[in-house]
Each structure stands twice: as C-alpha cells, then as structure tokens.
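Report on one structure; see the data block that follows.
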There are 2 protein chains.
Amino acid sequence: MPKVGMEPLRRKALIDATVSAIGARGSLDVTMSEIAGRAGVSSALAHHYFGAKDELLQATMRHLLAELNWDTRQALAAAQSARERVSAVIAVNFSENQFQPETIAAWLAFYVEAQKSAALRRLLRVYARRLHSNLMSGLAGLLPRPTADQAAEAIAALIDGLYIRRALRNGTPNATGAIAIVEDYVEAKLGTAAPATIRNRLSGDQS
Amino acid sequence: MPKVGMEPLRRKALIDATVSAIGARGSLDVTMSEIAGRAGVSSALAHHYFGAKDELLQATMRHLLAELNWDTRQALAAAQSARERVSAVIAVNFSENQFQPETIAAWLAFYVEAQKSAALRRLLRVYARRLHSNLMSGLAGLLPRPTADQAAEAIAALIDGLYIRRALRNGTPNATGAIAIVEDYVEAKLGTAAPATIRNRLSGDQS
DNA sequence: TTTTTTATTGACTGATCAATCAACAAAAAA
DNA sequence: TTTTTTGTTGATTGATCAGTCAATAAAAAA
C-alpha cells in the first residue's frame, strides 16, 4: 500500500477522525487508538505524524477554527448591508456545517480542555476575538460604539450558550429556533436604540 | 482518631474537595487520590463512602444544584414584583456564591461529562428546567406567553454563555458586567413588547 | 470484659493508554 | 540493481488510576 504523498491525506483523515471520535464519545478523552482506528490506521501512525496527542488535538481545533472562519468570510462577502452582516455571522454559527452534534461536542470539549492547555486557550481566544470583530463589522454601523460592543458581547454569549444547551438536547433544539432567538435579540436591541425604520426588517415582531 | 459520626462530615469534606479539585485542574479528570488528599483522607475512604468515582461526582453536582436552588429561593422570596423576580434569578446566577472560578469550572466540566453519563445529564436537565421555570415566574407577568418563553430561553442561554466565557477569562470578566448584559437584554425585550412604563426601571437606557 | 460496629489506611491488582521502537515494505533515486 | 526515502505496524514499556481487601484501632454495645 505505501504510496508516496500520503502525509497530507493521513493528517486530514486523522483530524476528521478526531472530530468524529470526540463527537461519539462526547469528550476529549478519546484514545489515540480510537482515533487512529476511525481513520483506518494504527495508533503508531498517528504518533508518527502528530507526535503527541496534544498536537493532534490542537491541529483538530485549528481545523475547526479555520473552517468556521472560511464559512464566515463567505457569508460576510455576500452580505449587502451592516444589518445583513450581523445576520450573516449569526447564521454561519448555526449553519449545517457548524451546528452539527459532532462539532458542538468538540467545541464544548475544547472549552473544558482549554482550562488545562495554554495552547488551546490561545486558540479559543482567537475564536472569541474573531467572532467579536465579525459581529462588530455589522453592529458598528447600527448602534453607537459602547452599545455595539456590549451587543456583540451578548450575541457571542448567546451563541456559546445555545451551543452548550444544544449539546444537552435541552429546549432550543433546531438551528432555526436558535437563530430566531439571536435575531430576536438583535431586533430588540435595534428597536430600543436605533431609528424605527431599521426595526422589523427580517421577522415579524410581536408588539 | 476514629470517632463516631464521621460519615456526614467526611461526605461534605469530600464533596467540597471535589469542587475545589475540579476547579484547580479545570476538568473532571481529577483522581480520587487528589480529591481525597484535599479532604485530608485516603483515597480508600472516598471509595468507602461513595463507592465509585461516578457517584462522588453525581453527589457533588447534586450539591451544587441544591446550593443554587437554595440561593434562588431566597432571592425569589425577597422579590416584590414580576420584574424583580426576573432580576433576582439573574442576580443569583452571578452572585458571589455561584460565579466563582471553581464553581464555573465544575459546571462546565459537568456539562461535558453529561454527554457520557446519563445520570449527570438528568441532573443538568433538572437545572435547565428549574432555571426556565424560575425565570418564567417573573416573565409570565411581563410578556405574552410565547414571547416570555422565548425570552426565558434566551436568558438561560445568555447565562450559560457568560459562564463559559468567564471560564476562559475572555471579555465579560466581572459579575457586574455579566449582569449588565443580561439585564440589558431584559430591558430591550420589555421595551419592544410591553407598555413603556415598565421600561427603564432599573438602569439608565441608551436611546 | 468481650464483642461488635464504625472509621480508616497501606498495599495491591488489573486495566487502560500514551509513547517508543525495531522491523518491514513499497516506491523513488542513485 | 542497490540504496535511500517514505509509509506503516505489532509488540512493548512505563505510568497512571479506579477499585479492592485485609488489617488496625477507637468507640459503643453486650
């Protein structure tokens, strides 16, 4: 079997296997054998390409982050207004690609692991900063500065909160419901602080 | 040393030690020795009183839940109006007792572990249901039914989200800031759907 | 006093797992 | 063809831990 040029393929397969293993187990303490098995290789190979388990986990998280970033850039590019940019960022986080049980479990697990690992903590901070700045790229045009900043913080917290609750299959099950909650917040926020013409652009209101 | 009547004391000490060990390690994979050490006893004793590690973790979570519930009941009893009930529930979740790094780390870790353990999942569902119904005890008097339900969902997600972000020491550091964000949401929500007299009761608005 | 109950531990066992390594095999280069 | 590089694994090692158990000792009951 040994063909040349396997490395990138194996790396990709191992990273994908890591996400699915974490998703299946629901936590980060998956074994290297489990991951390697899912990728169809031996655990020794996983060590060969990634060294320590830690590095595989970091690479996996970087991959998740890169995918989210890619999706976000696509969505932002298609947005035509500040208001649409906000919705685009929200929508991406609950899109098919992102709002998958496997992916959610992985994010959650990484959040916990980040308390132990400085490297993962750094990566999560990158995520938080990006999310904030992506949200601000829309909000800055809709609300005065300090208010916009707080709104971005709230939206970010909402997104994280809805993720964590989804992991438990508590209320707020589907992506549609989650988006509705966040969009409703945005509307409420714009309704109290911005000209009325901006209100009620997307969904029907309930006043 | 063996005095009679040690059991309840040891149980309490072990549960406290579990919270602090989880807080220190930042994850649920603390060893029984670590926990027992913090409680000043041998790991064999921890097994003696709790059987398996799993049961100690469940007991710990039940304890956290009971404390939160107690604090919430106190706060609700002191509230004089529907609006105050909402604020009371919010305030409790960010109070000295609850919004502690140790406690936050424990909650987060339990969320992850709940994906593996049916027992922990059940406990977290109890928490979610209680939070929702406590919030509704105030919101039901301020907003029409379906809107109130969605608002409770959003507030719960906000609280969970702010917890998770606090764990990383991302933005939103202090409890005050967190409360401000949630209260601001409530105000915005009431502002669009309820009579104006209800608005701006607690904090200054920014319109 | 003797016996039983309660509290407590050190030492041990068995299982799990990350990480290593020597070995093998196919392809590419010489 | 021979040599080197690249890909791959089974077997092994060493560490870590949950859980068990026999033993000890103080207190309470008989």
Side-chain angles (χ1 to χ4, degrees), chain A residues 1-22 24-61 106 109-110 112-113 116-120, chain B residues 1-22 24-61 109-110 112-113 115-120:
Chain A
M1 296 103 173
K3 266 194 212 153
V4 148
M6 283 287 101
E7 176 153 3
L9 301 181
R10 294 303 190 199
R11 290 189 104 96
K12 173 87 167 58
L14 282 164
I15 286 174
D16 288 348
T18 304
V19 174
S20 89
I22 291 174
R25 272 261 188 291
S27 97
L28 268 203
D29 59 2
V30 285
T31 68
M32 288 296 268
S33 309
E34 163 88 19
I35 293 170
R38 280 172 187 267
V41 298
S42 76
S43 71
L45 197 68
H47 277 106
H48 175 63
Y49 283 129
F50 286 95
K53 185 183 178 181
D54 226 65
E55 285 169 59
L56 174 54
L57 296 181
Q58 283 168 41
T60 302
M61 196 170 162
F110 280 130
V112 170
E113 194 72 5
K116 283 193 284 188
S117 155
L120 290 185
Chain B
M1 297 98 174
K3 268 192 208 152
V4 149
M6 284 285 102
E7 176 153 2
L9 301 180
R10 294 304 191 199
R11 288 190 105 97
K12 172 86 167 61
L14 282 164
I15 286 174
D16 288 348
T18 304
V19 173
S20 90
I22 291 174
R25 272 262 187 291
S27 99
L28 269 203
D29 61 0
V30 285
T31 69
M32 288 297 267
S33 308
E34 163 88 19
I35 293 171
R38 279 172 187 267
V41 298
S42 75
S43 71
L45 196 68
H47 276 107
H48 175 63
Y49 283 129
F50 286 96
K53 185 181 177 183
D54 226 65
E55 286 168 60
L56 174 54
L57 296 181
Q58 283 168 41
T60 302
M61 196 170 161
F110 281 130
V112 169
E113 195 69 6
Q115 302 204 287
K116 282 193 286 189
S117 156
L120 290 184

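To find a chain, count down the sequence lines: A is the first, B the second, and so on, and within it residues start at 1.
- For the pair A/Asp54 and A/Ser117, the tightest heavy-atom approach, listed with the atom from each and the gap, is OD2-OG, 4.5 Å.
- For A/Arg25 and C/dT16, the CZ to P distance is 11 Å, given to the nearest whole Å.
- Closest-nucleotide positions on DNA chain C for B/Glu7 and B/Ser43 were compared, and the one nearer the 5' end corresponds to B/Glu7.
- Closest to the side chain of A/Leu45, out of C/dA7, C/dG10, D/dT9, is D/dT9.
- Residue A/Ser42 places its side chain closer to D/dG10 than to any other of C/dT9, D/dC17, D/dG10.
- To the nearest angstrom, C1' of D/dT16 lies 14 Å from CD of B/Glu34.
- The number of heavy atoms from other shown groups lying within 6.0 Å of CZ (B/Arg11) is above 12.
- B/Lys12 has its NZ atom 20 Å from the C1' atom of C/dA7, to the nearest Å.
- For A/Arg38, the CZ atom counts as densely surrounded, since its 6.0 Å shell holds more than 12 non-hydrogen atoms of other residues, nucleotides or ligands.
- The distance from atom CE of A/Met32 to atom P of C/dT20 is 10 Å, rounded to the nearest whole Å.
- Closest to the B/Ala44 side chain, of the nucleotides C/dA18, C/dG10, D/dG19, is C/dG10.
- When the side-chain nitrogen and oxygen atoms of B/Arg10 are compared with OP1 and OP2 of C/dT8, one or more of them lie within a distance under 4.0 Å.
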### Task
Show your working on side chain to side chain contact (heavy atoms under 4.5 Å, CB included) between A/Val41 and A/Leu14 and close with a plain yes or no.
CA-CA 9 Å; A/Val41 298; A/Leu14 282 164; 4.0 Å; yes
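- Put simply, the side chain of A/Lys53 gets close to the backbone of A/Val30: a donor and an acceptor are under 3.5 Å apart.
- Atom CZ in B/Phe50 sits about 16 Å away from atom C1' in D/dG19, given to the nearest Å.
- Look at B/Tyr49 and you'll find a side-chain N or O under 4.0 angstrom from OP1 or OP2 of C/dT8.
- Here C/dT6 presents its C1' atom at 14 Å from CG of B/Leu9, a figure rounded to the nearest Å.
- If you take CE of A/Met6 and C1' of D/dT9, they are 16 Å apart, rounded to a whole angstrom.
- For A/Val41, counting side-chain heavy atoms from C-beta on, the closest listed nucleotide (D/dT9, D/dG7, D/dA18) is D/dT9.
- When distances run from any side-chain atom of A/Val4 to the nucleotides D/dG19, C/dA27, D/dA27, the shortest one goes to C/dA27.
- The interatomic distance linking B/His48 (NE2) with D/dC21 (P) rounds to 14 Å, in whole Å.
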